[in-house]
Amino acid sequence: MRLGVLTGGGDCPGLNPVIRSVVKRGVLELGYEFVGIENGYMGLVEPDLAYPLTRDAVRGILPKGGTILGTSNRANPFQYAVREGGRWVERDLSDRALARARELGLDGLIAIGGDGTLSIAHRLLEKGLKVVGCPKTIDNDLSGTDQTFGFDTARATVTEAIDRLHSTAESHDRVMVVEIMGRNAGFLTLDSGIAGGADVILIPEIPYRLESILEKIRKRQQHRKRFSIVAVAEGACPVGGHLAVLEAADAVPGRGVVRLGGAGKVLADALADRIDMEIRVTVLGHLQRGGSPTAADRLLATRYGCKVLDLVRDGLWGHMTALRGCDIVAVPLAESRKERRVDPRGELVRFAKGMGISFGD
Ligand code: F6P
């Protein structure tokens with residue numbers, strides 16, 4: 001069995017532990033061979049982006065963030081950006097990807113990625129490529145699994161950042177707005193907001209009203225708490241408002257997704273007109289995707305990497321690994337295409353509200 005391995009989409013801590021466990025178990029226990037495909041699906045479209053992924057190639061990578069294979073969140077073989085006549089156009093190069101897989105002698109492909117990567121995997125499967133997947137993302141927004149790896153590390157990073165903002169907020173009597181990634185899902189902001197003790201948590205699933213946030217900040221002032229921490233998800237919007245966007249979906253060919261950013265500034269500007277307090281905005285940005293994976297992420301990633309080989313061995317092409325309760329199971333790749341969002345009436349939101357945290361609603 002000769003398998004290609006690629007990591008696609010935004011990187012996150014845990015990708016290297018998956019690659020390592022795939023190769024170690026695959027070589028030692030099952031006698032498989034692996035080919036590393038570089039820069040996500042780009043490595044299946046372009047020449048010279050593949051190399052033998054041996055045990056030596058994966059030595060020492062367990063604690064490292066990022067991915068030794070490189071990644072791309074622009075390289076979609078079905079909408080591939082190519083230069084024609086001096087301008088960028090999108091072309092369907094999926095046949096070329098399939099041909100490249102044949103050329104590399106692959107019996108199958110292990111795609112490690114988020115919703116974009118896994119939905120491309122699903123489309124390639126429909127065209128005849130044997131594919132299995134492992135779900136990753138700091139956003140934790142993939143359905144079909146209770147948790148993606150990368151999320152736990154990002155949550156710890158954001159929690160620590162909020163802790164650090166607390167002391168300076170308190171010293172200066174400031175409102176600290178901290179903008180957190182997660183795209184259209186509020187899991188990262190909700191969990192780290194609660195873990196970091198934020199006073200206000202704004203998530204995409206609960207549109208906010210300015211007046212409600214101001215009421216919370218004023219109430220704290222009345223109780224001689226002259227600072228406040230507001231955790232705002234990059235996808236959070238005011239009631240009837242718009243997403244804060246850095247870059248439109250069609251800004252760069254081949255991207256196909258909107259880049260979010262600026263929700264913290266939008267909120268701070270709106271608050272500044274209505275409250276006599278200093279406001280500062282911290283955008284955590286890509287710091288949230290870096291660093292060494294936590295023990296929990298290393299374990300989850302390692303379990304996914306070992307389990308995905310069971311899927312290959314058992315011929316479960318078109319499936320991905322998933323965490324269900326305490327077990328790692330196989331679920332159809334199509335499951336990952338459904339959206340997963342925070343339940344605004346769920347337990348965690350209810351308990352947080354019960355503790356006095358404002359969601360701006
Ligand atoms: O999906 C992971 C993620 O980090 C999102 O939280 C964020 O919106 C996006 O990727 C940022 O993408 P890029 O690295 O392309 O700026």
Side-chain angles (χ1 to χ4, degrees), residues 6-15 18 39-42 65-67 69-76 79 81 111-121 133-145 147-159 161 178-193 201-205 231-237 242-266 282-291 293 297 301 320 336-342:
L6 67 78
T7 52
D11 71 333
C12 74
L15 289 166
V18 181
N39 301 347
Y41 290 107
M42 190 188 290
T67 160
L69 293 174
T71 186
S72 167
N73 50 18
R74 301 179 187 209
N76 176 353
Q79 281 173 270
I112 308 165
D115 52 355
T117 305
L118 297 177
S119 65
I120 293 168
C134 286
K136 68 89 219 185
T137 168
I138 65 162
D139 305 339
N140 206 23
D141 60 348
L142 286 189
S143 63
T145 183
Q147 194 157 318
T148 53
F149 65 85
F151 177 66
D152 185 65
T153 309
R155 180 171 57 183
T157 303
V158 178
T159 301
V178 51
E179 182 180 308
I180 298 163
M181 280 184 169
R183 224 188 285 280
N184 302 110
F187 295 104
L188 188 56
T189 304
L190 176 63
D191 277 25
S192 40
I201 295 177
L202 305 176
I203 56 175
E205 295 83 351
V232 55
E234 61 180 1
C237 313
H242 306 286
L243 280 175
V245 166
L246 281 181
E247 191 178 273
D250 55 1
V252 181
R255 293 197 104 161
V257 287
V258 170
R259 287 288 176 285
L260 301 183
K265 183 168 177 349
V266 168
T282 303
V283 180
L284 295 179
H286 291 83
L287 285 174
Q288 296 162 98
R289 292 227 303 253
D297 269 342
M320 66 173 195
S336 72
R337 300 179 84 167
K338 299 176 207 149
E339 288 185 341
R340 194 167 99 94
R341 298 288 178 263
V342 171

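These numbers were taken from a predicted model, which means no experiment stands behind them. Each ligand, and each atom within it, is numbered from 1 in the order the structure gives.
Note that CD1 of I180 is 6.5 Å distant from CG of L188, once rounded to the nearest 0.5 Å. Atom OG1 in T117 sits 9.5 Å away from atom CG in N76 (nearest 0.5 Å). Atom CG of D139 sits about 9.5 Å away from atom CD of Q288, to the nearest 0.5 Å. Atom-to-atom distance recorded for E205:CD and L190:CG is 8.5 Å, nearest 0.5 angstrom.
Under a 4.0 angstrom heavy-atom cut-off, Q288 registers as lying outside contact with ligand 1. Remark: distances from the non-hydrogen atoms of D139 to ligand 1 include one below 4.0 Å. For the pair G182 and ligand 1, a heavy-atom separation below 4.0 Å is found.
The residue among K136, R259, R289, E234 with a heavy atom at the shortest distance from atom 8 (O) of ligand 1 is E234.
Counting atoms of ligand 1 from 1 in the listed order, those under 4.0 Å from a heavy atom of I138 are 4 (O).
Of all the heavy atoms in S192 and V158, the pair that sits closest is OG-CG1, 3.3 Å.
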Discussion item. Quick one, D115 with S336, criterion side chain to side chain donor-acceptor pair (under 3.5 Å). Give me CA distance, side-chain angles, the key distance, then yes/no.
Written reply: CA-CA 6 Å; D115 52 355; S336 72; over 6 Å; no
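Residue M181 has no N or O atom closer than 3.5 Å to an N or O atom of ligand 1.
Residue-level proximity to ligand 1 for N73 is carried by the side chain, the only part with a heavy atom below 4.0 angstrom.
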